[in-house]
There are 2 protein chains.
Amino acid sequence: MAADGKRVSTPAVTRVEDVDLGVLDDTLSFFIRALNLAVTRDLDARLEGMEVARGTGKITALFLIDRHPGIRPSVIAAAAMKDRSAMARILDDMERHGLIRREPDPEDGRVQALHLTEKGKKASQEVQAIVRQSRDFFHDISDEEYTQVIDLLRGLYWRIVKAHQAKGTKL
Amino acid sequence: MAADGKRVSTPAVTRVEDVDLGVLDDTLSFFIRALNLAVTRDLDARLEGMEVARGTGKITALFLIDRHPGIRPSVIAAAAMKDRSAMARILDDMERHGLIRREPDPEDGRVQALHLTEKGKKASQEVQAIVRQSRDFFHDISDEEYTQVIDLLRGLYWRIVKAHQAKGTKL
DNA sequence: CAAAATTGATTGACACTATCCACCATATTT
DNA sequence: AAATATGGTGGATAGTGTCAATCAATTTTG
């Protein structure tokens with residue numbers, strides 16, 4: 001810091017650990033976006049070769065359909081923070097791989113009721129085991145800290161999800 | 001929960017807020033990936049029309065070059081958790097927009113020393129103001145909570161960044 | 001009840017991303 | 001001097017996010 005308390009530019013750095021993040025150091029979105037890349041990479045590596053590998057929405061869809069048979073695409077889209085069209089493509093992919101079935105909802109003709117196939121159920125079980133293990137990626141933080149971050153982020157997550165559906169944000 | 005303590009599948013849900021996230025509810029990567037989408041959307045809206053809008057690495061590059069003139073691409077890549085080729089493309093874009101200059105590093109012929117142009121410096125100032133405001137996206141959480149999450153995520157961030165450079169992970 | 005508006009899902013288009021691999025030039029190690 | 005490692009580029013490929021348009025079914029409303 002300079003005498004007036006303002007940060008000044010520092011000489012060229014050669015190693016990452018010498019980098020001063022400046023404004024970004026107090027910016028939540030920066031860390032979320034950076035960690036997103038790391039976490040996604042790790043998850044992709046763990047899912048290597050599986051049908052739900054690569055991409056973000058498939059796992060969410062798989063699990064939610066498993067837990068809520070007959071759930072509709074738009075609900076999954078909202079939970080995954082994607083728009084309906086993005087989710088439709090993911091479901092296309094999963095259907096093509098024989099993981100899910102799209103059935104007409106008896107109550108509402110516009111709606112689809114999603115179900116896992118036998119193959120899908122098996123995949124869901126396998127993937128759940130893998131996802132549980134993904135906590136290892138953060139092996140060097142304590143359970144307390146892990147729980148603490150999750151609790152905070154879960155709060156943010158639900159607030160945003162609910163806000164969007166409340167004012168019908170077209171996501 | 002069923003009597004044996006195991007969760008069972010619940011009937012089809014129609015609203016997001018009734019969704020049970022199951023395993024995902026205890027999975028940090030799920031929340032990071034979901035929040036990444038929300039946060040990115042918000043940031044894109046705020047940067048609407050600016051030359052660094054859309055995409056994740058430009059802001060990081062802009063700020064780091066501003067703070068560390070002469071910094072090299074690979075260091076920015078590491079800080080942004082991207083690989084070198086991804087960062088090269090971002091720098092291409094910024095150079096095309098006249099925000100940065102790529103100069104040869106006098107010390108090492110393989111290396112580039114990056115600098116902001118006047119236009120780049122101006123952009124950096126404007127964008128910093130916007131990024132600071134992006135805290136508003138989390139308007140309904142207290143400063144204490146905001147600081148708390150950031151502190152935790154910052155720790156994870158640095159651990160991962162350093163681990164990667166330590167064992168030369170090819171990102 | 002009929003017309004109008006809304007909703008759920010899909011599709012096409014477009015720009016951007018992440019990853020991997022190969023490549024080149026320059027440094028460093030042996 | 002030869003082998004190896006490093007920094008940066010470029011191509012290829014698969015995937016993403018967004019927007020607008022479309023279509024059918026449902027709900028609203030006049």
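The figures that follow rest on heavy atoms only: side chains count, while hydrogens, waters and symmetry mates do not. Proteins come first, then strands; the chains are lettered A, B, ... in the order of their sequence lines, and each starts at number 1.
The shortest distance between the side-chain N/O atoms of A:Lys82 and the OP1/OP2 oxygens of D:dT16 is not below 4.0 Å. Under 4.0 angstrom from either OP1 or OP2 of C:dG8 there lies at least one side-chain N or O belonging to A:Arg72. Taking only side-chain nitrogens and oxygens, A:Arg89 never comes nearer than 4.0 Å to OP1 or OP2 of D:dG15. A sub-4.0 Å separation between OP1 or OP2 of C:dT10 and a side-chain N or O of A:Arg84 is absent. Contact between the side-chain N/O atoms of B:Ser85 and the OP1/OP2 oxygens of D:dG8 is not found at any separation under 4.0 Å.
Rounded to whole angstrom, the span from the NE2 atom of B:His97 across to the C1' atom of C:dC16 amounts to 13 Å. We find that NE2 of A:His164 is positioned 10 Å from P of D:dT18, with the value rounded to whole Å. Nucleotide D:dG8 holds its P atom 18 Å from the CG atom of B:Asp93, rounded to whole Å. As a whole-Å value, the separation of A:Leu37 CG from C:dC16 P is 17 Å. Per the geometry, CG belonging to A:Asp83 stands 17 Å off P belonging to C:dA13, to the nearest Å. Atom CD1 of A:Ile90 is separated from atom P of D:dT18 by 12 Å (rounded to the nearest Å). For A:Arg33 and D:dG17, the CZ to C1' distance is 13 Å, given to the nearest whole Å. Rounded to whole angstrom, the span from the CE atom of A:Met81 across to the C1' atom of D:dT18 amounts to 17 Å.
The aromatic rings of B:Phe31 and A:Tyr157 lie perpendicular to each other, with more than 60° between the two planes, well past the 30° mark.
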List the steps and the verdict of salt bridge (Lys or Arg N to Asp or Glu O under 4.0 Å) for A:Arg96 and A:Asp93. CA-CA 5 Å; A:Arg96 222 178 301 117; A:Asp93 186 74; 3.4 Å; yes
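Around atom CZ of A:Arg101, more than 12 heavy atoms belonging to other residues, nucleotides or ligands sit under 6.0 Å away.
In this structure, CG in B:Leu21 is found 8.5 Å from OG1 in A:Thr60, a value given to the nearest 0.5 Å. One distance of note links CD of A:Glu48 with CZ of A:Arg54; it measures 7.0 Å at 0.5 Å rounding.
Between B:Leu91 and A:Ala53, the residue anchored closer to the 5' end of DNA chain D is B:Leu91, taking for each the nucleotide with the nearest heavy atom. Nearer the 5' end of DNA chain C, as judged by each residue's closest nucleotide, is the contact made by A:Pro73, out of A:Pro73 and B:Asp105. If A:Arg54 and B:Met87 are placed on DNA chain D by their nearest nucleotide, the residue sitting closer to the 5' end is B:Met87.
Using a 4.0 Å cutoff on non-hydrogen atoms, the parts of residues 106-116 of chain B near DNA chain C are B:Asp108, B:Gly109, B:Arg110, ordered by number.
Using a 4.0 Å heavy-atom cutoff across all strands shown, B:Thr40 reaches no nucleic acid atom at all. Within 4.0 Å of A:Asp92, counting heavy atoms only, lie sugar-phosphate atoms of the nucleic acid but no base atom.
Between the side chain of A:Ser142 and the backbone N or O of A:Glu145, at least one donor-acceptor pair lies under 3.5 Å. Remark: the backbone N or O of B:His97 is paired with a side-chain donor or acceptor of B:Lys119 at under 3.5 angstrom.
Side-chain proximity of B:Ala88 to the nucleotides D:dT9, C:dC20, D:dG17 is greatest for D:dT9.
For B:Arg154 and B:Asp151, the salt-bridge test passes: some basic side-chain N is under 4.0 Å from an acidic carboxylate O.
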